[in-house]
Amino acid sequence: MPISAERDERDDDHYDFAATQAKWAPIWEELKPFATSDPADTRPRKYVLDMFPYPSGDLHMGHAEVYALGDVVARYWRQQGFNVLHPIGWDSFGLPAENAAIKRGIDPRGWTYDNIAQQKKSMKLYATSFDWDRELHTSDPEYYKWTQWLFLQLHKKGLAYRKDSWVNWDPTDQTVLANEQVLPDGTSERSGAVVVKKKLTQWYFKITDYADRLLDDLNQLEGSWPAKVLNMQRNWIGRSIGADVDFVIEGRSERVTVFTTRPDTLYGTTFMVVAPDSDLAGELADGSTPEVQDAFREYLVQVQRSTEMERQATDREKTGIFLGRYAINPVNGERLPIWTADYVLADYGTGAVMAVPAHDQRDLDFARKFNLPVTVVIDTNAAVTGVIPVITQEMIDGTEELPALDPLSTGLALTGEGRLINSGTLNGLSKNNAIKRIIELLSVAGTGRAAKNYRLRDWLISRQRYWGTPIPIIHGADGAEIPVPEDQLPVRLPSTEGLDLKPKGTSPLGGATDWVNVPNPIDGTPARRDPDTMDTFVDSSWYFLRFLNPNDDTQAFDPREAEKWAPVDQYVGGVEHAILHLLYARFITKFLFDEGYVTFTEPFTALLNQGMVILDGAKMSKSRGNLVYFTEEVERHGVDAVRLTMAFAGPPEDDIDWHDVSPVGSAKFLARAWRMARDVTSAPEIDWKSGDAGLRRVTHRFLADAPALVESFKFNVVVARLMELVNATRKVIDTGAGAADAAVREAAEVTTVALNLFAPYTAEEMWSLLGYEPCVALVQWRKADASLLVAESVTAVVQVDGKVRDKLEVSPKVGNDDLEKLARESAAIVRSIGDREIIKVIVRAPKLVSFVTRAI
RNA sequence: GCCUCUGUAGCUCAGUGGAAGAGCAAUUCCGUCCUAAGGAAAUGGCCGGGGGUUCGAAUCCCUCCAGGGGCACCA
């Protein structure tokens, strides 16, 4: 809230944040304190990266948080003597621009770059310490040229390929989606529409080739990445270890392979199930009776009509039909009826499973519904009798174990540990030994082998939209996929002039006749460009490398610069990217490592995830009408107060409820700090050693503790400690040694340098009040004086039988023997021991003496 | 259902074996022409519950309860 001018004149206690912002912004603009391009700079390097924004509208409170926190880290390392690369750019391709363009009949380019101009203005006001000379836009041809280059490298290695498959189709945005972009409830994370399945030919990146490395390398990040993100990535990749088993199918020459994590239960297989939407199901049905063919077709239609959400409901009644065909169990020759049911997924494993109803809940549910046999092959108790045994009172009390019950009658599959039964040579083995043994037996027989499977699927990267990186492939008349020669990159987006951007299921680029029709680069015959564009996550999968030399038009990035700066030392961003973006960037980094372009295999050495800014316990949204606006908050409280509030609100990874925090409180504190600096009357040259010893101790304890606190992201604790320091200094000014004391100046300077992390404008103003030239951002942190960290005396506690009975003021250097002697001499202790016998004495000088006694 | 994180003052959080802490808010007092920006003081706690280990537990172990997050018909 602007303060009236008359008040300004009368009250010199008023800190005018607006004037301070206006004063320093242009000075910083000129001094460029955060430029990193000086080749003569010999300081050690750090690469601190904040996730770059998508430019929609102006900055919001989420941006305010991430950029405030990332800036604390960047400013901190700079003050520790590092040359800090802290760049910013724009993730500027994507659907919102295109949708806005369609709605208003304008060019997505204009919309995007106008937004960027607005956000850039806000970002500069927000005083984030970016090196603006390295700014980039993923939608510039100078950038996407290299995204296309990356595609071609992947294509060369067979890691970018086209396949025909069932894909996620967003009927609102009229485009395909990656699995990662479909929410667990089956809706699109972008449009909110219910995603449907469609069979289409699309481009994929073969990320599954890297599944093991993407999973195993997470171990290197343990401790440096949030446990939550590591957990999410592990779940997402979802490696299962087991075996492939080959089954002969009657009336079919090829065998069918199934994947199982429980090959030990192979003898318990009583039927086989194949996914209805798999090729195998169709083929097996075709080879069956006409009745089966009809039933199958009807069932398939019914399955495909159901949405992902319906299909994923776990408590749903099982459905399926018998295909009239049989498989042969390779270990005992039993005939297994083959069914099709939608609880088996076409795109996991081989789309077929061996059903072991006794030991798998899903198979048991199915078997019970369709009256299929159940064979128990693991004795999860002393005996499986097949009848429900008597439950004793001891079993109910839990003092005696419940017996294993017959799955067919209880409806509960036996998933516990036990000994193998009804399993030929496996009988008597434990589960783990049986798994080992059966894999050996199958391998020898050539009917099976150890195998792994992943939840992770290949990354679908083509999109039927305009505003993205064109896929640099030309399709020959003969169907050949011809990569655009690298010297012809970039394949520029054609102008939107005359193009219909409206979603219609095929790419608008297909309508750009002049652009699409090109001669075949090999023989000059008529050919067509691929009309699809890439998922914007491809753009952002490598942007951290482009920042190293964003204007180089000869290569994507300079490996020598990568050697110097990369990988990113500290990455900062929202947990909403815990899977998608981070997984893709890790994949691309590993690929570039394999190709020899980089020397590291993980792009982000450390990761800080900030939480969300919420209001009254709920996510902010327009529809809820609970928006807090960035510009309003900054105008009302000032940039520094907003930034400080973000840091002070709590641990960065927790959500910030704007209702619970107080930018007003932050502003008060900043004013208090400013007054402290203003009140200092000593000259900069004053000898600090002459200052008040008590205040100096507080100052140096702060200096000693703060670095570890910042490095472990406990920014809120650092701010609380700064508040203590300012309070202590105020006390000395008002009621102690006074404003001229050297310790006051020392405390004020230390506060100012530290405050630069959170409140750069106020810190710069304070630095100026203290008699220095800008920029405080480049001032180095002082080291704590160790001699001031030791207290003159400490309180030792004397306990008798665990209870505190006396306290002694002793020197911190007191020895164990001396301390024990002092304790034994204490009248209070003598009294409380009385006539009891001391049987043990524990001494931990200088903190504690503990007597353990017993009655004589 | 499986995996995972977290429960300490009204709020946000420190404290990882040795006397329960900080900041903010609230309270009272002093100051002020006014003020949502001044100063001071005192208050505030079965450290989620129970059990165990220990001379001693917020801290280590077991168990239960509550909350957050992720995965989930993935064979």
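Note on naming: letters A, B, ... go to the chains in the order of the sequence lines (proteins, then strands), and numbering restarts at 1 for each one.
Listed by chain and number, the residues in a side-chain hydrogen bond (donor to acceptor under 3.5 Å, both in side chains) with A:Glu711 are A:Tyr76 (sequence neighbours excluded).
Nearest nucleotide to the side chain of A:Tyr343, out of B:rC3, B:rA75, B:rC73: B:rC73. The listed nucleotides are B:rG39, B:rG69, B:rC73; the one nearest the side chain of A:Lys228 is B:rG69. Here the nucleotide nearest the side chain of A:Lys840, chosen from B:rU4, B:rC55, B:rC24, is B:rC55.
Here B:rG23 presents its C1' atom at 13 Å from CZ of A:Phe758, a figure rounded to the nearest Å. With rounding to whole Å, A:Asp734 atom CG is found 8 Å from B:rG39 atom P. Computed from coordinates, the A:His359 NE2 to B:rC73 P distance equals 23 Å when rounded to whole Å. When rounded to the nearest whole Å, the span between NZ of A:Lys318 and C1' of B:rA75 equals 11 Å. Nucleotide B:rG70 holds its C1' atom 6 Å from the CG atom of A:Asn235, rounded to whole Å. For the pair A:Ile614 CD1 and B:rG69 P, the computed distance is 10 Å after rounding to whole Å. Atom CZ of A:Arg730 is separated from atom P of B:rG39 by 7 Å (rounded to the nearest Å). Atom P of nucleotide B:rA72 and atom CZ of A:Arg455 are separated by 4 Å, given to the nearest angstrom.
If you check the side chains of A:Ser240 and A:Asn453, you find no donor sitting under 3.5 Å from an acceptor. Remark: the A:Asn816 side chain and the A:Glu820 side chain contain no N/O donor-acceptor pair separated by less than 3.5 Å. For A:Trp225 and A:Gln233, the side-chain atoms include no donor-acceptor pair closer than 3.5 Å.
B:rG56 and B:rA20 have their P atoms separated by 15 Å, with the value rounded to a whole Å. Using P as the reference atom, B:rC30 and B:rG44 are 22 Å apart when rounded to the nearest Å. Here, B:rA66 and B:rG48 have their C1' atoms 7 Å apart, quoted to the whole Å. Nucleotides B:rG69 and B:rC29, compared at atom C1', are 47 Å apart to the nearest Å. Rounded to a whole angstrom, the distance from the C1' atom of B:rC60 to that of B:rA26 is 37 Å. Comparing B:rA9 with B:rG23, their C1' atoms sit 12 Å apart, to the nearest whole Å. One P atom belongs to B:rC13, the other to B:rU4, and the distance between them is 23 Å to the nearest Å. Across the C1' atoms, B:rG10 and B:rC5 are found 25 Å apart, a figure rounded to whole Å.
Cation-pi geometry between A:Lys318 and A:Tyr343 is satisfied (NZ or CZ under 6.0 Å from the ring centre, within 45° of the ring normal).
Pairing partner, B:rU35: none, since no Watson-Crick or wobble contact has both distances short of 3.5 Å. Base pairing analysis places B:rG17 opposite nothing; no Watson-Crick or G-U wobble pair with both distances below 3.5 Å involves it. Nucleotide B:rU43 has no partner under the Watson-Crick or G-U criteria, as no pair reaches both atom distances under 3.5 Å. Look at B:rA22: its Watson-Crick or wobble partner, with both distances under 3.5 angstrom, is B:rU12. Here B:rC60 sits opposite B:rG52 as a Watson-Crick or G-U wobble pair (both hydrogen-bonding atom distances under 3.5 Å).
Looking at which nucleotide of RNA chain B each of A:Phe851 and A:Ala352 is closest to, the 5′-most match is held by A:Phe851. Looking at which nucleotide of RNA chain B each of A:Tyr454 and A:Gln233 is closest to, the 5′-most match is held by A:Gln233.
Checking the phosphate oxygens (OP1, OP2) of B:rA75, a side-chain nitrogen or oxygen of A:Tyr348 falls inside 4.0 Å. Residue A:Ser240 places at least one side-chain N or O under 4.0 Å from the OP1 or OP2 atom of B:rA75.
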Under a 4.0 Å heavy-atom criterion, the protein footprint on nucleotides 7-19 of chain B, written with B, S and -, is -----SS-S--BB

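Aromatic ring orientation, A:Phe366 versus A:Phe370: tilted (interplanar angle from 30° to 60°).
In plain terms, the two heavy atoms of A:Val744 and A:Gly738 that are nearest each other are CG2-O, 3.4 Å. Nearest heavy-atom pair across A:Met612 and A:Glu65 is C-OE1, 3.8 Å.
Across all strands, A:Arg672 comes closer than 4.0 Å only to sugar-phosphate atoms, never to a base (heavy-atom distances).
Formation of a donor-acceptor pair under 3.5 Å by the A:Gln610 side chain with backbone atoms of A:Gly574 is found in this model.
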